[in-house]
There are 2 protein chains.
Amino acid sequence: MSPELIDRLREAGYKITPPRLAVLEVIQREGEHLNPNEILAQAQAIHPQTGRATVYRTLELLTNLGIVRPIYVGDSGPTYIRAEGGHHHLVCSQCGRILDFEQCVADSMERELEARFGFRIKSHLLEFYGLCADCCGEETTGAS
Amino acid sequence: MSPELIDRLREAGYKITPPRLAVLEVIQREGEHLNPNEILAQAQAIHPQTGRATVYRTLELLTNLGIVRPIYVGDSGPTYIRAEGGHHHLVCSQCGRILDFEQCVADSMERELEARFGFRIKSHLLEFYGLCADCCGEETTGAS
DNA sequence: AATCAAATGAGACGAAATCTCATTTACAGC
DNA sequence: GCTGTAAATGAGATTTCGTCTCATTTGATT
Ligand SMILES: [Mn+2]
Ligand SMILES: [Mn+2]
Ligand SMILES: [Zn+2]
Ligand SMILES: [Zn+2]
């Protein structure tokens, strides 16, 4: 586990415990789009006694420290990602398909927003909603 | 209730029922950021027998038709908004504060993404995450 | 090693969402 | 206006997810 992240915890006054190390390890390793249950399962692979409550508590802690953040995409519940950088999705509101794209104009807004609102921006989420190519065709197709 | 939306339902082969009209009416009237419980309560003010399951079923239906969509902001559960237009938030990952801003560069990307992926884009969500002015100061403050 | 607040895990609890199924209803066809 | 029929509904059971409680453990400091 990255000593850098461990120091972030320690310097904020938190204890370095096996469950916290396990959750950090899971996030660090997998990184993207794990939900709390999956994080729990993988953390238990590392430290079997890890409890559900502790995973939720740790995720809240890491969120407050700006190390991870929850993301809600599609219908499923929250998933956690590292709190740095951007995420960009095209979401079909009919079939739920999700496409990722990379190039993004949001970065150009960050400086101005930081100045205007006094925020220190760490990441962003840009999602476009609509109908994918497949669902465009069926657009007028009827009920079940 | 807007006859235009009613026709969208009818033409898609769905029946026009009192609960569906009630939910549509609520969304149309209030529009922003109502959660399923609030929608249920307001729909019951219009059509008292309306059941919870039907509200969920109707919201799913309207989502598939691209009339509404769920949005997840902060910690609270999903809320529903009309599926047109953009939403722009600055979210403090420490205290949860949410600021809205209007001017947005995302529209300029829509045409290109539509061409590249064959999507028909209806709306977007742009969220920046970071620390608000207040929380920037306390950044290194310790644990509970 | 001793101390002590912080952290933990088991399980109770609560809220939110889904599922089941018997009943009702919208509406196309007459 | 009736009728037949599949679609839609609502009550309540059930599941899923997340939080809370509290007795016990443990990391960090001295
Ligand atoms: Mn992604
Ligand atoms: Mn908004
Ligand atoms: Zn689609
Ligand atoms: Zn803040």
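A quick note: this is a predicted structure, and the numbers were derived from the prediction, not measured. Every chain is numbered from 1 and lettered A, B, ... according to where its sequence line falls, protein lines coming before strand lines.
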Using every non-hydrogen atom in the two residues, find where A/Val55 and A/Pro36 come nearest and quote the distance to one decimal.
CG1-O, 4.1 Å
A/His124 side chain reached by A/Leu113 side chain, heavy atoms, under 4.5 Å
no
Counting C-beta onward and ignoring hydrogens, is there a side-chain heavy-atom pair between A/Thr58 and A/Ile39 closer than 4.5 Å?
no
Heavy atoms within less than 4.0 Å of DNA chain D: which residues of residues 40-47 of chain A have one? Give them sorted by number.
none
How is A/Pro48 classified with respect to the nucleic acid when contacts are heavy atoms under 4.0 Å: base, sugar-phosphate, or nothing?
nothing
Could you tell me whether the side chain of [X] and the main chain of [Y] form a donor-acceptor pair under 3.5 Å?
X: A/Arg20; Y: A/Lys15; value: yes
X: A/Arg120; Y: A/Glu114; value: no
X: B/Glu38; Y: B/Asn35; value: yes
X: B/His89; Y: B/Glu127; value: no
X: A/Ser93; Y: B/Asn64; value: no
X: B/Gln44; Y: B/Ala41; value: no

When you get a sec, tell me which of D/dA6, D/dA28, C/dG9 is the closest nucleotide to the side chain of B/Lys15?
D/dA6
Out of D/dG10, C/dT8, C/dA26, which has the shortest distance to the side chain of B/Gln49?
D/dG10
Whole Å only: how far is the [atom1] atom of [X] from the [atom2] atom of [N]?
X: B/Asp7; N: C/dC27; atom1: CG; atom2: C1'; value: 15 Å
X: B/Tyr14; N: D/dT9; atom1: OH; atom2: C1'; value: 16 Å
X: A/Ile16; N: D/dT29; atom1: CD1; atom2: C1'; value: 15 Å
X: A/Leu21; N: C/dT8; atom1: CG; atom2: C1'; value: 14 Å
X: A/Glu38; N: D/dT16; atom1: CD; atom2: P; value: 15 Å

Considering only nitrogen or oxygen atoms on both sides, find all protein atoms under 3.5 Å from nucleotides 17-21 of chain D and state each distance.
{"from": "D/dG18", "atom 1": "OP2", "to": "A/Tyr56", "atom 2": "OH", "distance (Å)": "2.1"}
{"from": "D/dG18", "atom 1": "O5'", "to": "A/Tyr56", "atom 2": "OH", "distance (Å)": "3.1"}

Less than 4.0 angstrom between a side-chain N/O of A/Arg10 and OP1 or OP2 of D/dA28, yes or no?
yes
D/dA8 phosphate, OP1 or OP2, under 4.0 Å from B/Thr17 side-chain N/O:
no
